[in-house]
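Reading through the structure tokens given below for one structure.
In this text the structure is predicted, and so the values were computed from the model without any measurement. All heavy atoms count here, side chains included; hydrogens, waters and symmetry mates do not.
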Protein chains: 2
Amino acid sequence: MFFLKELPTDSMVEEYVSKTGVGNSGTISEALSMMREASQLIRLVDAYFSSHNLSQLKFLILVVIDREPDIESLRQSEINRRLDVSKPVLNRSVSSLLETGLLKRIEDKEDYRAHKLALTEKGKSTLKMIMPEYFKVISKFMNKQI
Amino acid sequence: MFFLKELPTDSMVEEYVSKTGVGNSGTISEALSMMREASQLIRLVDAYFSSHNLSQLKFLILVVIDREPDIESLRQSEINRRLDVSKPVLNRSVSSLLETGLLKRIEDKEDYRAHKLALTEKGKSTLKMIMPEYFKVISKFMNKQI
DNA sequence: ACATAATAGTTATCATGATAACTATTTAAG
DNA sequence: CTTAAATAGTTATCATGATAACTATTATGT
């Protein structure tokens, strides 16, 4: 997260940049704005998810399984290839989704180390229920940022 | 944090948007890209800071005190007004910076609830030492994102 | 075929974000 | 001037990110 309420002015960045002899002040300013803006949006989105006992990550786990074209389940390791998050963090969120009944485990006959994860009916309906407001939160935020 | 490695294509977003009847697909795609890009950059920056026993927040605490024009100390509550973070989180990071000797406490004679926080010499030199590479990390990342 | 690698999942531990609820002090209201 | 409200800082508890290290199973290379 990036927390600075008032970003440094371009001229302040320019001063730092010339002092340190590193980078380009326009690029740096742009990066700081982006981090700040994204942090605010991520916080809004997280708040929305947590009001539904979810998190950004849990939501994305449901999404990547749902979005798979021909199959209706994925291994944890396959989810991990689609999401840029560490194994233990993924594992914890998957466990939580199993506990709350949004995911179900399916035995994997081809590899006894693994198991497949599929959306339950509750998982599918939760995803469907959550999506519109998710888009609305994002749209609302983006329209403010002009 | 936003973890999806492969963002949905514009047409997938368009489909969701028309299904839910909410938002504008271009805006949503833009927001998803921004969250993803910023998450990656924030992770890089965090990794850089943690290699120096710091964090984004600790760094920003040092920055807002250093950047103050006429005074050389701020109260915790004043820092809180400049940084978009909860009181307890700020308090924890300030405590850690006091422990590691980058900040020092100064009695506040005008308000016995409060105390002022100033950079130590070590704090100042750490900030100076860290800045160039911080800019380099950001610049390098931004130049890749074309 | 068998020792070694790699892979799937898990556990333990830590850092850092949040809110709720607390003490102590200062400010404001009647 | 005294009670109530606001403010400064802190503590407790929880969620969610990370890495390191572990077990069990599968794949690989002589």
Closest heavy-atom pair and its distance - A/Val64, A/Leu83: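 Result for this residue pair: CG1-CD2, 3.9 Å.
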What does [X] touch in the nucleic acid at a heavy-atom separation under 4.0 angstrom: a base, only the sugar-phosphate, or nothing?
X        : answer
B/Lys116 : nothing
B/Ser86  : base
A/Phe49  : nothing
A/Arg43  : sugar-phosphate

Complementary nucleotide of C/dA5, counting Watson-Crick and G-U pairs under 3.5 Å: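 Checking every strand shown, C/dA5 finds no partner, since no pair has both distances under 3.5 Å.
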What form does the base of C/dA5 take, syn (within 90° of 0) or anti?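 Classified syn.
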For DNA chain C, note the earliest and the latest nucleotide, 5' to 3', having some atom under 4.0 Å of a heavy atom belonging to chain A.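 Listing 5' to 3', DNA chain C meets chain A from C/dA6 to C/dA18.
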Taking 4.0 angstrom as the limit, do [X] and [Y] come out as a salt bridge?
X       : Y        : result
A/Arg75 : A/Asp108 : yes
B/Glu68 : B/Arg82  : yes
A/Glu15 : A/Lys19  : yes

Walk me through whether B/Tyr48 and B/Tyr134 qualify under ring pair (Phe, Tyr, Trp, His ring centres under 6.0 Å). CA-CA 7 Å; B/Tyr48 170 60; B/Tyr134 173 64; 7.2 Å; no
Upstream residue (5' side of DNA chain D) when B/Arg92 and B/Arg105 are each assigned their closest nucleotide: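 By nearest-heavy-atom nucleotide position, the 5'-most residue is B/Arg105.
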Nearest-nucleotide wise, let me know which of A/Lys58 and B/Ala114 is further upstream toward the 5' end of DNA chain D.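 Counting from the 5' end, the first nearest nucleotide belongs to B/Ala114.
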Residues within residues 59-81 of chain B bordering DNA chain C, heavy-atom distance below 4.0 Å: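 DNA chain C contact set from residues 59-81 of chain B: none.
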Taking a hydrophobic cluster as the set of Ile, Leu, Val, Met, Phe, Trp and Tyr residues connected by side-chain heavy atoms closer than 4.5 Å, whether directly or through intermediates, do A/Leu98 and A/Ile106 fall within one such cluster?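 Cluster IDs for A/Leu98 and A/Ile106 differ.
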Say you draw a straight line from CD1 of A/Ile130 to CZ of A/Phe135; how long is it, rounded to the nearest 0.5 Å?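 These two atoms lie 12.0 Å from each other.
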If we only count heavy atoms from C-beta on, is the B/Ile138 to B/Met142 side-chain gap below 4.5 Å?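 Yes, their side chains come closer than 4.5 Å.
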